[in-house]
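As the structure lists them, so they are numbered: ligands from 1, and atoms in each ligand from 1.
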Amino acid sequence: MLNFEILASDGKARTGILKGTHGQTETPCFMPVATAGAIKGVRWEEVKSSGYSMVLSNIYHLYLRPGTELIENVGGIHKFVGWDGLILTDSGGFQVFSLGDLMKLTEEGVYFRSHIDGSKHFFSPELVIEYEEKIGVDIGMVLDECTPYPATREYAKHSLERTYRWAKRSIEARTSDKTAIFGIVQGGTFDDLRILSAKLTSDLPFDGVAIGGLSVGEPKEDMYRITSLIAPLLPYEKPRYLMGVGKPEDIIVAVEHGVDMFDCVMPTRNARNGTLFTWNGKLNIKSAKYKSDERPVDENCDCYTCRNFSRAYLRHLFASKEINALILNSIHNLHFYAQLMEKTREAIKNKQFKEFKKEFFSKYKTDEE
Ligand SMILES: CNc1nc2c(CC[C@H]3O[C@@H](OC)[C@H](OC)[C@@H]3O)c3nc(N)[nH]c(=O)c3cc2[nH]1
């Protein structure tokens, strides 16, 4: 079961503690993505020492490989992957709908072909809840349709209505409160449909509510407008999760509007292509300008990578296609995101969030700049 306690707030921003079956996490929190049950290139002890206590995986991937039955038979997901903190699984509501003609959507559920071996499968709202409960995740996302961008108003309306019917079926399918269940708001980029979906989803007895269907290629102003419109409409006392977000600047803006939880592949995926996060913006370690740069990635970072290695060395490793390049870059980026969330929580506790946001944006060079 899940307990969420808000400890302090500053405007709409709030900080709290989320307690689940396998531990607790402070919010606002960022969840590193462990798609197949591991954070790519980083051991759990580094994930923990950076301060993370909740990670995200995906029931769609785990079901296809190694199989949810296998995970259940070896004692559940925490035992299988060796992570003793909180685990949230997404439902595959994003993946299956991005399989194009490898997927057939019906009222019952979705028929799809595995992206691994082309085998045929079927997910229904009930099956997803069953798999999430059986492998023992702390928080399970419902099967939804992540409405694609762009979508016509008519499509977005039909899609949110189906997601709502599926949400009710998901609630009915629950057999235990050990696995908390979050509903997901859709509605495309149409404000009135977003408000409708937020109301329908908030009225159901979910343990938390997520804003879905964003960070899917829509203009940034749409993402900001919808987040600022919808987050405050979600139940105040329940965790609010903005799926797939995101860039450091996007997380800070969403926290300001009352969002508590985030996930994104960015810290780990960008690390693997040489993009490193610093408090002054992103840095591409491949650039020749770092060839003999003896400074750490970020002089204000105390991660293992920044305490021991120079930009010159990290650039050399990356150019040499060394495995350690991926590992050291990932350790840094994950630590940066953990520090971003830690400083955000501190600022809210000290009622200094506005000042923190102003200082962040005065130094951090975003992609748009
Ligand atoms: C990136 N932007 C974004 N991600 C999103 C995800 C997670 C993607 C899932 O894919 C993997 O990361 C890419 C993760 O799974 C390993 C994550 O759970 C979403 N999931 C659901 N169920 N519904 C949504 O409306 C939705 C919207 C998103 N927007």
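Contacts between T147 and ligand 1 below 4.0 angstrom, taking non-hydrogen atoms only, are absent altogether. At a heavy-atom cutoff of 4.0 Å, ligand 1 is contacted by the side chain of S91 but not by its backbone. When heavy-atom distances to ligand 1 are checked against a 4.0 Å cut-off, Q186 comes that close only through its side chain, counted from C-beta outward. Contacts between V33 and ligand 1, counted as non-hydrogen atom pairs separated by less than 4.0 Å, involve the side chain only.
Judged purely by atom type and a 3.5 angstrom limit, D138 uses its side chain to pair as donor or acceptor with the backbone of H22. Side-chain atoms of N333 come within 3.5 Å of backbone N or O of F277 as a donor-acceptor pair.
When H61, M223, Q95 are checked for heavy-atom proximity to atom 11 (C) of ligand 1, Q95 turns out nearest. Counting heavy atoms only, F94 comes closest to atom 28 (C) of ligand 1 of the residues F94, F97, Y149.
For ligand 1, the atoms lying closer than 4.0 Å to a non-hydrogen atom of V265 are 12 (O), 13 (C). The ligand atoms of ligand 1 that sit less than 4.0 angstrom from a heavy atom of S215 are 1 (C), 2 (N), 3 (C), 29 (N). Near T35, with a cut-off below 4.0 Å to any heavy atom, the atoms of ligand 1 are 16 (C).
For an aromatic pair to be called close, the ring centres must be under 6.0 Å apart, and F123 with Y111 fails this.
Side chains of K178 and E133 form no contact here, defined as non-hydrogen atoms less than 4.5 Å apart.
Interatomic distance, D144 CG to Y164 OH, rounded to the nearest 0.5 Å: 15.5 Å.
The salt bridge (Lys or Arg N to Asp or Glu O under 4.0 Å) test with D260 singles out one residue from R14, K238, R240, and that residue is R14.
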